[in-house]
There are 2 protein chains.
Amino acid sequence: MSTHPHLLRRAITASDRVLYEIQSAIVEGSIPAGSKISEPELARRFDVSRAPLREALARLERCHLIERTPNAGARVVTLSPEGLIALYQLREELEGLACRLAAEQMPEHEVQELAALLDQHLSSQRVREGESYYQEAGDLDFHYRVILGSKNPYLINMLCDELYYLVRMYRVQMGMNGPRVSRAFDEHKAILTAIANRDGELADLLMRRHISASRRNIEQQLQAEKD
Amino acid sequence: MSTHPHLLRRAITASDRVLYEIQSAIVEGSIPAGSKISEPELARRFDVSRAPLREALARLERCHLIERTPNAGARVVTLSPEGLIALYQLREELEGLACRLAAEQMPEHEVQELAALLDQHLSSQRVREGESYYQEAGDLDFHYRVILGSKNPYLINMLCDELYYLVRMYRVQMGMNGPRVSRAFDEHKAILTAIANRDGELADLLMRRHISASRRNIEQQLQAEKD
DNA sequence: AAGGCGTAATATGTCGACAATCTTGGTGTT
DNA sequence: AACACCAAGATTGTCGACATATTACGCCTT
């Protein structure tokens, strides 16, 4: 599977493969947040030379999963409440825009596919009540499609390539769960309705609220962790 | 000079230098838009090995100045009206947010420095009436400071590192000039006032309008070019 | 014992060469 | 003449090794 689901990449290079593996490892915490990255070690571990590894590191920096300083090496990013807030401030704005554009630009058949996706979520959600991961994946899927619907390549690149891995990292490592999943589903449905009605302004507003609610949810989680 | 004015980079590596040179060459058109990038040629031309060159290319892709396809090489981006609109849609949203955050977050002394910068622009503008480049540099400087004032690292990274070189490329290659400079100055002043009054909502609105006006200006330029 | 200094060890940046892939030009077929 | 196919050339991806910068450790000084 490609790391850029919206792009058809012709070739899968070694650097792509190692990027995908390290990316997953960081997001899921098997390479711990804040830890130092050693190029020789990772090169041995994933059985590649340092050349494709460094290419992968450059892309990891691009999506904010690691931070590099010249001649000094790279560290996995450390998660923090401030970072989360800064990230979600951006998401709110960007996805609001994406949602508005999607309401204006999305071709009819994509709107119908989005509706079908939500129906599918509904049934699978009923089956797996409380199992959070699936809903999370579904949530991301919904957001992905809306973003792609905006037809703005820069916006798509920023959200899907540069920000979403970090969003997933916060979600996974903070352990998203609980009663928010069903409410999130309702919010998705309302957003879809606005898009289907070509009401960009409302779609924008609803998406902002949806993300804002999601942020508050994680903040609570993060607060609860302190106690 | 560093390519990331807001970051103090400890070391200037060869890849940094060649990045800066190619970046300038692309923005100013001495490497033409749409042309193919040849790694061996550029390596000879800038007297480096392909390793730091490829690192530089990766960063050029990051700021949307080139487009790479695996095993097929890289091309300089081609400018288009659609691309311009997509870019400015994003700028409007992101800089609006930056401006609102700056109104809330900017420390008092930075606000005063920003005011001093505008005074400086006023005098230099009177002297060099009609000379557009300086005003453009000044315009970028103003926007840079507002963005930095937002204190949101992701936002700063996106605007200053990933979007602004492309914005400059459009401006330079479309040949910005004319009567808009003085109006832009007034708009800057109004934005500053809103920031100084800590009126984030107004600052946001004014910045959006400012950028929207700038976009229309370039679009006109682009339209005029057709005739 | 604490702190600065110099050296060794390690990591990163860069290089030149090889392997795999794509592109180009030519050839042959229909 | 147009198209498909094949081979040669060139380009990109990858590798291992060297140069340079940083880090870690032990030693000396106070």
Side-chain angles (χ1 to χ4, degrees), chain A residues 1-4 7-23 25-26 31-32 34-62 64-78 161, chain B residues 1-4 7-23 25-26 31-32 34-62 64-78 161:
Chain A
M1 173 141 49
S2 167
T3 57
H4 297 225
L7 278 186
L8 279 276
R9 304 196 65 143
R10 329 221 180 294
I12 297 181
T13 172
S15 135
D16 288 325
R17 179 182 64 80
V18 59
L19 167 66
Y20 177 72
E21 300 205 29
I22 300 180
Q23 210 167 40
I26 290 178
I31 298 180
S35 63
K36 185 162 187 330
I37 296 270
S38 162
E39 292 186 7
E41 181 199 328
L42 284 188
R44 281 194 304 273
R45 177 167 161 187
F46 293 107
D47 197 44
V48 286
S49 150
R50 279 179 53 221
L53 175 66
R54 283 170 63 85
E55 170 102 22
L57 291 185
R59 293 201 239 168
L60 287 173
E61 184 182 26
R62 179 172 168 173
H64 308 280
L65 292 184
I66 68 174
E67 290 166 353
R68 300 171 95 185
T69 54
N71 290 321
R75 303 193 79 86
V76 178
V77 73
T78 63
D161 295 343
Chain B
M1 171 134 54
S2 167
T3 57
H4 297 225
L7 278 186
L8 279 276
R9 302 196 65 144
R10 329 222 179 295
I12 297 180
T13 171
S15 135
D16 288 326
R17 179 181 64 80
V18 60
L19 166 65
Y20 177 72
E21 301 206 29
I22 300 180
Q23 211 167 40
I26 291 179
I31 297 179
S35 62
K36 185 163 188 330
I37 296 270
S38 162
E39 292 186 6
E41 181 200 327
L42 284 187
R44 279 194 306 273
R45 177 168 162 186
F46 293 108
D47 196 45
V48 287
S49 150
R50 279 178 53 220
L53 175 68
R54 283 170 63 85
E55 170 102 23
L57 291 185
R59 292 201 240 168
L60 286 173
E61 184 182 27
R62 180 171 166 173
H64 307 280
L65 292 184
I66 68 173
E67 290 165 354
R68 301 171 94 184
T69 54
N71 290 321
R75 304 194 78 85
V76 178
V77 74
T78 63
D161 295 343

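Here is the naming used below: chain letters follow the sequence lines, and residue numbers restart at 1 for every chain.
Evaluation of the salt bridge (charged side-chain N to carboxylate O under 4.0 Å, His left out) rule for A/R75 yields no partner, not counting sequence neighbours. Here A/E67 pairs with nothing under the salt bridge (charged side-chain N to carboxylate O under 4.0 Å, His left out) rule; sequence neighbours left out. In terms of the side-chain contact (heavy atoms from CB on, under 4.5 Å) criterion, residue partners of B/S38 (sequence neighbours excluded) are, by chain and number, B/P40, B/E41.
The overall bend of the helix from C/dA1-D/dT30 to C/dT30-D/dA1, read as the angle between its terminal helix axes built from five base pairs each, is 10° when rounded to 10 degrees.
In terms of heavy atoms, A/N71 sits closest to B/A11 at ND2-CB, 3.3 Å. B/S15 and B/P52 make their closest contact through CB-O, 3.6 Å (heavy atoms, listed as atom of the first residue, atom of the second, distance).
For residues 45-56 of chain A, the pairs satisfying salt bridge (charged side-chain N to carboxylate O under 4.0 Å, His left out) are A/E39-A/R50, A/E39-A/R54, A/R54-B/E55, A/E55-B/R54, A/E55-B/R68, with sequence neighbours left out.
Of the charged side-chain nitrogens involved, at least one lies within less than 4.0 Å of a carboxylate oxygen, so that B/R59 and B/D16 count as a salt-bridged pair.
Annotation: side chain of A/I22 is not in contact with side chain of A/L65 (no heavy-atom distance under 4.5 Å).
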- [ ] Produce a footprint string for nucleotides 9-21 of chain D: one letter per nucleotide, 5' end first; B if the base is under 4.0 Å from any protein heavy atom, S if only the sugar-phosphate is, - if neither.
- [x] ---BBBB-B---S
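In this entry the distance linking CG of A/L57 with C1' of C/dT14 reads 16 Å, nearest Å.
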